[in-house]
Amino acid sequence: QLSLVESGGGLVQPGGSLRLSCSASGFGLADYAIGWFRQAPGKEREGVSCITVDGTTFYAESVKGRFTISRDSAKITVYLQMNSLKPDDTAVYYCAAAYLDDTDERLLTNPGPYDDWGRGTQVTVSS
């Protein structure tokens, strides 16, 4: 079982940028689909982005064109670059790992396949 750790959250002004990182201590992530989910107070958890084993990426409509998910060359860390941040992006962001090589857009919205979750990192967008 992976112990996922997110980092990179914080307070940023509207229009600003943050880069979130997701890594698993002592383990590479090459064989895992990685998803980023977020949950704002009083709202349901929602899928933000995911990257499959073969590098296919999916994005929620609300973040398309602003967020970019990627893996580092060693496939140890997965990043979520967030640009043009809006107050509506305020939430706790979680990364999750699924040990499968499917390329299925349902990985974006369905948390079921994900077996390992991080504890989350807070992102606050406010002036």
Side-chain angles (χ1 to χ4, degrees):
Q1 188 166 0
L2 300 177
S3 294
L4 296 175
V5 178
E6 304 96 338
S7 62
L11 172 64
V12 64
Q13 292 186 343
S17 298
L18 286 173
R19 188 177 77 162
L20 305 184
S21 299
C22 173
S23 61
S25 178
F27 291 90
L29 299 176
D31 296 329
Y32 295 83
I34 303 296
W36 283 98
F37 293 79
R38 67 185 180 187
Q39 187 164 21
K43 295 187 178 181
E44 293 187 356
R45 179 176 53 188
E46 63 173 343
V48 176
S49 182
C50 67
I51 185 166
T52 64
V53 170
D54 70 356
T56 302
T57 59
F58 300 103
Y59 297 94
E61 285 297 324
S62 60
V63 307
K64 274 184 181 177
R66 300 188 298 123
F67 291 11
T68 303
I69 191 171
S70 63
R71 297 181 186 267
D72 69 335
S73 58
K75 297 190 178 179
I76 294 175
T77 303
V78 172
Y79 301 104
L80 185 67
Q81 178 68 42
M82 306 187 297
N83 299 329
S84 302
L85 283 161
K86 305 175 182 179
D88 284 349
D89 295 318
T90 296
V92 178
Y93 284 70
Y94 302 89
C95 70
Y99 187 69
L100 76 172
D101 60 5
D102 288 353
T103 300
D104 188 335
E105 193 167 7
R106 286 174 293 181
L107 285 169
L108 176 63
T109 56
N110 179 15
Y114 295 96
D115 298 314
D116 300 290
W117 292 78
R119 293 187 174 185
T121 185
Q122 176 71 46
V123 171
T124 303
V125 185
S126 175
S127 56

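Being a predicted model, the structure only gives us computed values, none of them experimental.
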Tell me whether [Y] is reachable from [X] by hopping between hydrophobic residues (I, L, V, M, F, W, Y) whose side-chain heavy atoms are closer than 4.5 Å.
| X | Y | answer |
| --- | --- | --- |
| M82 | V12 | yes |
| L85 | L80 | yes |
| I51 | F27 | yes |
| L107 | V53 | no |
| I34 | Y94 | no |

Please find the pair of heavy atoms, one from [X] and one from [Y], that lie closest to each other, and give the distance.
| X | Y | result |
| --- | --- | --- |
| P14 | S126 | CD-C, 3.6 Å |
| S84 | R66 | O-NH1, 2.9 Å |
| W36 | C22 | CZ2-CB, 3.5 Å |
| A40 | A91 | N-CB, 3.8 Å |
| S21 | T77 | CB-CG2, 4.0 Å |
| C50 | G35 | CB-CA, 3.8 Å |

Could you go through the side chain to side chain contact (heavy atoms under 4.5 Å, CB included) check for Y32 and L2 one step at a time? CA-CA 10 Å; Y32 295 83; L2 300 177; 3.6 Å; yes
Do F37 and Y114 have ring centres separated by under 6.0 Å?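 Ring-ring flag for F37/Y114: true, centres closer than 6.0 Å.
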Please confirm whether the backbone N or O of [Y] pairs with a side-chain atom of [X], one donor and one acceptor, at under 3.5 Å?
| X | Y | result |
| --- | --- | --- |
| T52 | A33 | no |
| Y59 | I69 | yes |
| E6 | T121 | no |
| S49 | F58 | yes |

Any non-hydrogen side-chain atom of L18 less than 4.5 Å from a side-chain atom of V125?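 They are not in side-chain contact.
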Run the numbers on K86 and D88 for salt bridge (Lys or Arg N to Asp or Glu O under 4.0 Å), then give the verdict. CA-CA 5 Å; K86 305 175 182 179; D88 284 349; over 6 Å; no
Can you tell me how far apart OG1 (T109) and CD (E46) are? Round to the nearest 0.5 Å. 11.0 Å
One pair to check against side chain to side chain contact (heavy atoms under 4.5 Å, CB included): L4 and L29. What are the steps and the verdict? CA-CA 10 Å; L4 296 175; L29 299 176; 4.3 Å; yes
Consider side-chain hydrogen bond (donor to acceptor under 3.5 Å, both in side chains). Of R38, Q122, Q39, which one does Y93 pass it with? R38
Tell me which one of L20, V92, L11 satisfies side chain to side chain contact (heavy atoms under 4.5 Å, CB included) with V123. L20
Dump the intermediate steps for side chain to side chain contact (heavy atoms under 4.5 Å, CB included) on Q1 and D116, then the final yes or no. CA-CA 7 Å; Q1 188 166 0; D116 300 290; 2.7 Å; yes
